[in-house]
Structures are given as C-alpha cells and as structure tokens.
Participant: 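Sharing a structure below in structure tokens format, with a few things to ask.
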Amino acid sequence: MERLQHKVLYGFGDSLIFGHELHIGMLDDFAQRHQLDFHNFAANGATVIPTQPSDHTWSSDNHVPDLVTQINQAPATAPDLIIFDGTTNDAISYVDQLHPLGEIAGDFKKASFDANTYCGCFELALTRLRERYPLTPVYFVGVHHMPSIPLARQDQVQATAAAICGKWGIPVIDLYHGGQINTFIPEMAQLYSYNSGDHPHDGGDGTHLNAEGYQRYYTPILEATITPTFNY
C-alpha cells in the first residue's frame, strides 16, 4: 500500500525547491507521483543567513525570506514530511565573503549558535524547525555540483551542512556526492539546466534544472530515501 499518498509535505529553501522561472523544482515530480499535498514555502534567492539591507545591489534581493522566516510563515499545523535545502545562495553570496562559515556548536543551546555565521544560522533554522514541528520527519537535500560556485567552497559548505544535519539526526538526501548529476560537465548543463523559463531546453549555467533534470536525477533518490520509511 502507498502510505505516502495524500500526505502533507512542506518544502523550505531556495529556487531549486521553489522552481526558479518554470516554477518546477526538485520536489514537484516526487510530490506528483505520490499524490502529496505539497506546500512550497521556498523562495528564489533564499539563504540560510538572513539578508541585510546592504548585502545586495538590488534592494528586492534584500527582502527574500530566509530559511527561518519561511518556517515561521508556514502553518502551525504539523505536516507529515518536511524537505529543505540551503547551500547554494549562501555559498554564492555569503560564506567567506560577507560572513564566515563558523563552527558547529558543541550543544543544542540557542545561545551557542553564532548568528553571524553560516553554521550558527543553520543550527538556528533547525532549532526553529524542531520548535514548530518536533515530531515531523525532516530531510535535507544536498544539491548537485554546479559551476556557479567555486568547487572548494561548494565542498566546504556541503560538508558543513551535512555534518550539522548529522548532529541533529536529520537524513541527507545527497545529490552532491551520489546523484549522478554534475553540471560542471557541459553536456549535463546543456541538456538538463536552464536560465530562462522561456527557453527551458536551451542549456543554462547548471544551477537550475529543467523538469527532465529533476525527474531524472532528483526523484529517484528522493523516492529511494523517503518511500521505504513511510511504507515500513
């Protein structure tokens, strides 16, 4: 029996979940296949580290809801499942630029989390998730390699996010290390990524996948990780 059917899914994070210009993100095909009631609270350009008025040239970029804000704006009613991401835009704009990566705290106390760092903000987001939805299964997605971010910084941020999730007991759906999609490879970027929603099959910079890309690479790993838990 399909026990995921009609369950409520909350998605939090950035444009890879929101869906960029096509409004088709990494969770849409998975949700459709399992007839999930998918509530997408992610936002294009969202970060784990909250934005400040002077962070970006375009003022609109300074008002994108960060991860904690998205969690706070979601309904208080607990969903059956939560999936989130949170590495891409922090690695592009913040880590080792406007903010340090920081260190993982040695406990679970809010006072130990440095809100000026990526690590501290990530742990504050997990704190807020567990305050609002203490019993809901939560999964973090480590997204694919993409050439819009220096590789060394991607490695660092992905490893840090995975380590924090490990500390909190949150499974990582790891496309970064085992998803078979790496858009540093030009052929993959050409076939499966896009920049403009008007031209979803003309090839992009490798950041946002088109519907076929998410279906081919993300859906199988989402299903392999999540479905057995719910059907147990």
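Predicted, not measured: the structure shown is a model, and the values here were computed from it. Only heavy atoms go into these numbers, but all of them, side chains included; no hydrogens, no water, no symmetry mates.
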Participant: For residues Tyr133 and Tyr10, establish whether the separation of their ring centroids is below 6.0 Å.
Facilitator: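 Yes - the distance between ring centres of Tyr133 and Tyr10 falls below the 6.0 Å cut-off.
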
Participant: I'd like to know if Lys110 pairs up with Glu123 as an ion pair, taking the criterion as any Lys NZ or Arg NE/NH1/NH2 lying under 4.0 Å from an Asp or Glu carboxylate oxygen.
Facilitator: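 No, this pair does not count.
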
Participant: Going from CG on Asp114 to SG on Cys119, what distance comes out if it is rounded to the nearest 0.5 angstrom?
Facilitator: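 Going from CG on Asp114 over to SG on Cys119, the span is 9.5 Å.
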
Participant: So Phe41 and Gln73, do their side chains get closer than 4.5 Å, heavy atoms only?
Facilitator: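 No, too far: nothing below the 4.5 Å cut-off.
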
Participant: If you define the side chain from C-beta out and look only at heavy atoms, does anything of His201 sit under 4.5 Å from Tyr194?
Facilitator: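 Heavy-atom side-chain distance check fails, nothing below 4.5 Å.
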
Participant: Determine, using the 4.5 Å side-chain heavy-atom cutoff (strictly less than), whether Leu22 and Leu191 are members of one ILVMFWY cluster.
Facilitator: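 As far as the 4.5 Å side-chain criterion goes, Leu191 and Leu22 are not connected within one cluster.
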
Participant: Assert yes or no for the condition that the ring centre distance of Tyr192 to Tyr218 is strictly below 6.0 Å.
Facilitator: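 No, they do not, as the ring centres are separated by 6.0 Å or more.
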
Participant: Less than 4.5 Å apart, any side-chain heavy atom of Leu209 and any of His144?
Facilitator: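 When only atoms from C-beta onward are counted, His144 and Leu209 do touch, with a gap below 4.5 Å.
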
Participant: Identify the two heavy atoms, one from Gly206 and one from Ser193, that lie closest to each other, and give their separation to 0.1 Å.
Facilitator: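 For Gly206 versus Ser193, the nearest heavy atoms are N-OG, 3.1 Å.
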
Participant: Does the side chain of Thr225 come within less than 4.5 Å of Val172's, by heavy atoms?
Facilitator: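 No, too far: nothing below the 4.5 Å cut-off.
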
Participant: Is there a side-chain contact between Thr47 and Asp14 in this structure, where contact means two heavy atoms from C-beta onward sitting under 4.5 Å apart?
Facilitator: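 Heavy-atom side-chain distance check fails, nothing below 4.5 Å.
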
Participant: Could you check if a side-chain atom of Ile17 sits within less than 4.5 angstrom of a side-chain atom of Asn40, using non-hydrogen atoms only?
Facilitator: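 Yes, side chains in contact.
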
Participant: Can you say whether the rings of His99 and Tyr94 are parallel (under 30°), tilted (30 to 60°) or perpendicular (over 60°)?
Facilitator: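 Judged by the thresholds at 30° and 60°, the geometry between His99 and Tyr94 is perpendicular.
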
Participant: Can you confirm whether more than 12 heavy atoms, excluding those of Arg216, are under 6.0 Å from its CZ atom?
Facilitator: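 Open.
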
Participant: Is there a donor-acceptor contact under 3.5 Å linking the side chains of Glu21 and His208?
Facilitator: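 Per modelled atom types, Glu21 and His208 side chains form no pair under 3.5 Å.
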
